[in-house]
S.K.: 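Pasting a structure here, questions to come.
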Amino acid sequence: MQTVIHWFRRDLRISDNAALHEAESRGQRLVPVFIWDDAVIDAPDQGAARLALGLKALESLRDNLAVLGHTLIVRHGAPHEVLPRLAREVDAAAVFANREYEPAWVACDRKVATALYSAGIHFELIKDRVIWESRELLNQQGQPYTVFTPYAKAWRSRPISAPFPRLGHATVAAPERIHSLPLPKDSRDLGHPCSHGLPPFGEHAAHETLKRFLRGPVYSYDRSRDFPAEEMGTSHLSPHLVWGTVGIRTVFSKLSTAREEAPPGGDRGCSVWETELIWREFYTQILSNFPHVAAGSFRPEYDALAWEGTDAQFQTWRDGRTGFPIVDAAMRCLNATGRMHNRLRMIVAMFLTKDLLISWQRGERYFMQRLLDGDLAANNGGWQWSAGCGTDAAPYFRIFNPTTQGMKFDPEGRFVREWILELKELPGAEIHRPWDDPILAMRSGYPRPVVDHGTQRNRCLAMFQAVKRPGAKSEDTVEE
Ligand SMILES: Cc1cc2nc3c(=O)[nH]c(=O)nc-3n(C[C@H](O)[C@H](O)[C@H](O)COP(=O)(O)OP(=O)(O)OC[C@H]3O[C@@H](n4cnc5c(N)ncnc54)[C@H](O)[C@@H]3O)c2cc1C
């Protein structure tokens, strides 16, 4: 009877799980394990809210496995030490895991592979997190794509594989006597107390979230996705994709069904949502093929930018006290809930880099520490896009005007009014320009703008021009 181990990481589910399915089909006895690794828990970009969600997902995974007669084994330590030890204990012939693409995980997996190889234990990493990984889609020169539109075209030209079957009942469950640690009660026990409430989380919650979105909101996604006050304007699926509480093949398969059932005009919303999911794959392959982005600009010339913003300015941004209502509302929402709408992420990222002239890497780190859905690939891609130093970047001369953005995407001020209570008396879109009513602005205690947008815009252009890449013309400046 062959025993195999499935090592759970960011794939906390029993359905549509590629490596789990492979492990089940290759062994007669399955030992599912999760390892608390201090290198991950104490990483500088670790976030309490994200960790707390991961804990919830683990509890739900443990319960789902138990219903099928499997016992989730929990261990603590460096995976390259824990896995060979466990494999010897349970007499496992092989270890299976789903592939991760972040440089730290890649390095960790290399160590695990070496240790297991020395111990004579088979180790297999399997594609699961994305539909197309690393070098599976290449351009005509045989190189990875660095521009989104042709990447998305190539992505769409291939068929998507069906979801993997759900894990079955254990024929022989792992024996009870295998030592396992209890799961921590909450993220505080891991040294990361989370200061706010969390949404329901786990495999069931992921499926409910997907079902609710595909039942209706997806059909108007193309029109509603840019408006942060619309609660169902987007899917809220991202934390689930980060922790792998839903499989990506399942998402596309259910989207395909929703598309077949679309009301007139609803197909457009489905296509636009599909495009967003392709952005996720795009950034994952960028990180995998160009790992230097984790530590610097995709275009290295931009590492020489002379960022001049101060720590005090960074703190006003972080705490939602810049005096620009849409920026402050977004940051207060992030700090209080761990969530931020995509449009707001672009606005605050542009503001930090192009109004406050502070390095995108400081913002990137803060987002990772706060977001429920912090994901190195998507976050890094979003920050480099906003700063103008990434692959398929908004050129550096595209600069959002935070006030105009607020008026356009929160036209009645509903979102801002929810978070900037000091200004709630200002009617409609006037909330985006408190300085037009100086008496109320002064009485409210809401801060005056920390910078002048026009002045900073010119400084930003000068800063970029000093290091600009060939071909980018300053006279093409765009204000949005
Ligand atoms: C500065 C910045 C930082 C970001 N940081 C992250 C992050 O840490 N984690 C993260 O998952 N997304 C990040 N994004 C992308 C995007 O903002 C979120 O994926 C989205 O807001 C999540 O909400 P949703 O699930 O309702 O998305 P939906 O609009 O419903 O989109 C569906 C899914 O597509 C993916 N997706 C959507 N937009 C993008 C995008 N631009 N790039 C990559 N994937 C995308 C997500 O997995 C998302 O769940 C960032 C964007 C910016 C501009």
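Count residues from 1 along the sequence. Everything numeric in this text was worked out from a predicted model, so none of it was measured. As the structure lists them, so they are numbered: ligands from 1, and atoms in each ligand from 1.
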S.K.: Using a strict cut-off of less than 4.0 Å between a Lys/Arg side-chain nitrogen and an Asp/Glu carboxylate oxygen, indicate whether K211 and E208 qualify as a salt bridge.
M.R.: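 Judged by the 4.0 Å cut-off on N to carboxylate O distance, K211 and E208 do form a salt bridge.
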S.K.: With nothing but distance in play, are any N or O atoms of H236 less than 3.5 Å from an N or O of ligand 1?
M.R.: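 The answer is yes, given that H236 and ligand 1 share an N or O pair closer than 3.5 Å.
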S.K.: Would you mind running through ligand 1 and noting each atom that sits below 4.0 Å from a heavy atom of Y283?
M.R.: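 Those of ligand 1 that fall under 4.0 Å from Y283 are 42 (N), 43 (C).
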S.K.: Are L53 and W243 packed together at the side-chain level, in the sense that at least one heavy-atom pair is separated by less than 4.5 angstrom?
M.R.: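 Yes; the side chains approach each other to less than 4.5 Å.
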S.K.: Which is it for W385 and ligand 1 at heavy atoms under 4.0 Å: side chain, backbone, both or neither?
M.R.: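 Neither part.
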S.K.: Write out the residue and atom name of the closest protein heavy atom to atom 31 (O) of ligand 1, then the distance separating them to 0.1 Å.
M.R.: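 That would be W273 NE1, 3.5 Å.
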S.K.: Please state whether the rings of F148 and Y151 are parallel, tilted or perpendicular, taking 30° and 60° as the class boundaries.
M.R.: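 Tilted, since the angle between the ring planes falls between 30° and 60°.
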S.K.: Restricting to non-hydrogen atoms, name the atom on K354 and the atom on A387 that form the minimum distance, rounded to 0.1 Å.
M.R.: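 In this case the closest contact between K354 and A387 is CE-O, 3.4 Å.
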S.K.: Quick one: sort the F8 and H6 rings into parallel, tilted or perpendicular, breaks at 30° and 60°.
M.R.: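 Plane angle over 60°, so perpendicular.
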S.K.: Just need the protein heavy atom nearest to atom 5 (N) of ligand 1, so name the residue and atom and give the distance.
M.R.: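 The answer is N379 OD1, 3.1 Å.
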S.K.: Answer yes if the ring centres of W385 and F282 are under 6.0 angstrom apart, and no otherwise.
M.R.: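 Judged by ring-centre distance (under 6.0 Å), W385 and F282 do not meet the cut-off.
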S.K.: Is the distance between the ring centroids of Y302 and F464 less than 6.0 Å?
M.R.: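 Under 6.0 Å, so yes.
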S.K.: What protein heavy atom is closest to atom 12 (N) of ligand 1, reported as residue, atom name and distance in Å?
M.R.: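 The protein heavy atom lying closest is A378 CB, 3.5 Å.
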S.K.: Please determine if R362 forms a cation-pi arrangement with F314, meaning its NZ or CZ atom is less than 6.0 Å from the six-membered ring centre and no more than 45° off the ring axis.
M.R.: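 Yes, R362 and F314 form such a contact.
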S.K.: How far is atom 15 (C) of ligand 1 from the closest protein heavy atom, and which atom is that?
M.R.: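 Ranking protein heavy atoms by distance from atom 15 (C) of ligand 1, first comes N342 OD1, 3.9 Å.
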S.K.: With only distance considered, is E276 within less than 3.5 Å of ligand 1 through an N or O on each side?
M.R.: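 So ligand 1 has an N or O lying under 3.5 Å from an N or O of E276.
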S.K.: Any N or O on L237 sitting closer than 3.5 Å to an N or O of ligand 1?
M.R.: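 Looking only at distances, the answer is yes, because the N/O contact criterion of under 3.5 Å is met.
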S.K.: Give me the residue, atom name and distance of the protein heavy atom closest to atom 9 (N) of ligand 1.
M.R.: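 Here the closest protein heavy atom is D373 O, 2.8 Å.
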S.K.: What residue and atom, counting heavy atoms only, is the protein's closest point to atom 40 (C) of ligand 1, and at what distance?
M.R.: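 Protein heavy atom with the smallest distance to atom 40 (C) of ligand 1: W279 CB, 3.9 Å.
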S.K.: Can you find an N/O atom of S235 closer than 3.5 Å to an N/O atom of ligand 1?
M.R.: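 Yes, at least one N or O pair falls under 3.5 Å.
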S.K.: List the atom of T234, the atom of R225, and the distance in Å for their closest heavy-atom pair.
M.R.: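 Smallest heavy-atom distance, with atoms named: CG2-O, 3.8 Å.
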S.K.: Can you tell me the protein heavy atom closest to atom 13 (C) of ligand 1 and the distance?
M.R.: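 Protein heavy atom at minimum distance: R345 NH1, 3.3 Å.
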S.K.: Is the shortest distance from a Lys or Arg side-chain nitrogen in R10 or E102 to a carboxylate oxygen in the other one below 4.0 Å?
M.R.: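 Yes.
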S.K.: When you look for heavy atoms under 4.0 Å from ligand 1, do you find them on the side chain of L241, its backbone, both, or neither?
M.R.: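 Side chain only.
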S.K.: Is any N or O atom of D375, backbone or side chain, closer than 3.5 Å to an N or O atom of ligand 1?
M.R.: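 Right, the criterion is met.
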S.K.: Among all protein heavy atoms in this structure, tell me which lies nearest to atom 53 (C) of ligand 1, with the distance rounded to 0.1 Å.
M.R.: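 Checking every protein heavy atom, the shortest distance to atom 53 (C) of ligand 1 gives M346 CG, 3.6 Å.
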S.K.: Could you note down all residue pairs passing salt bridge (charged side-chain N to carboxylate O under 4.0 Å, His left out) where residues 139-162 supplies at least one of them, sequence neighbours left out?
M.R.: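 Of all non-adjacent pairs touching residues 139-162, those that pass salt bridge (charged side-chain N to carboxylate O under 4.0 Å, His left out) are R156-E274.
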S.K.: Judged by non-hydrogen atoms, does G374 sit under 4.0 Å from ligand 1?
M.R.: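 In this structure, G374 qualifies as a contact of ligand 1 - some heavy atom is under 4.0 Å.
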S.K.: Just let me know how F213 lines up against ligand 1, side chain, backbone, both or neither, with a heavy-atom cut-off below 4.0 Å.
M.R.: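 No part of F213 is near ligand 1 at this cut-off.
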S.K.: With ring centroids as reference points, do Y101 and W105 lie under 6.0 angstrom apart?
M.R.: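 Between Y101 and W105, the centre distance exceeds or equals 6.0 Å.
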S.K.: With heavy-atom distances below 4.0 Å as the criterion, list the atoms of ligand 1 near Y221.
M.R.: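 Matching atoms, with element in brackets: 28 (P), 29 (O), 31 (O).
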S.K.: With heavy-atom distances below 4.0 Å as the criterion, list the atoms of ligand 1 near S238.
M.R.: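 Matching atoms, with element in brackets: 11 (O), 22 (C), 23 (O), 25 (O), 49 (O).
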S.K.: Give the numbers and elements of all ligand 1 atoms closer than 4.0 Å to a heavy atom of L277.
M.R.: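 With L277 as reference, the close atoms of ligand 1 come out as 33 (C), 34 (O).
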S.K.: Any non-hydrogen side-chain atom of H192 less than 4.5 Å from a side-chain atom of R50?
M.R.: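 No, too far: nothing below the 4.5 Å cut-off.
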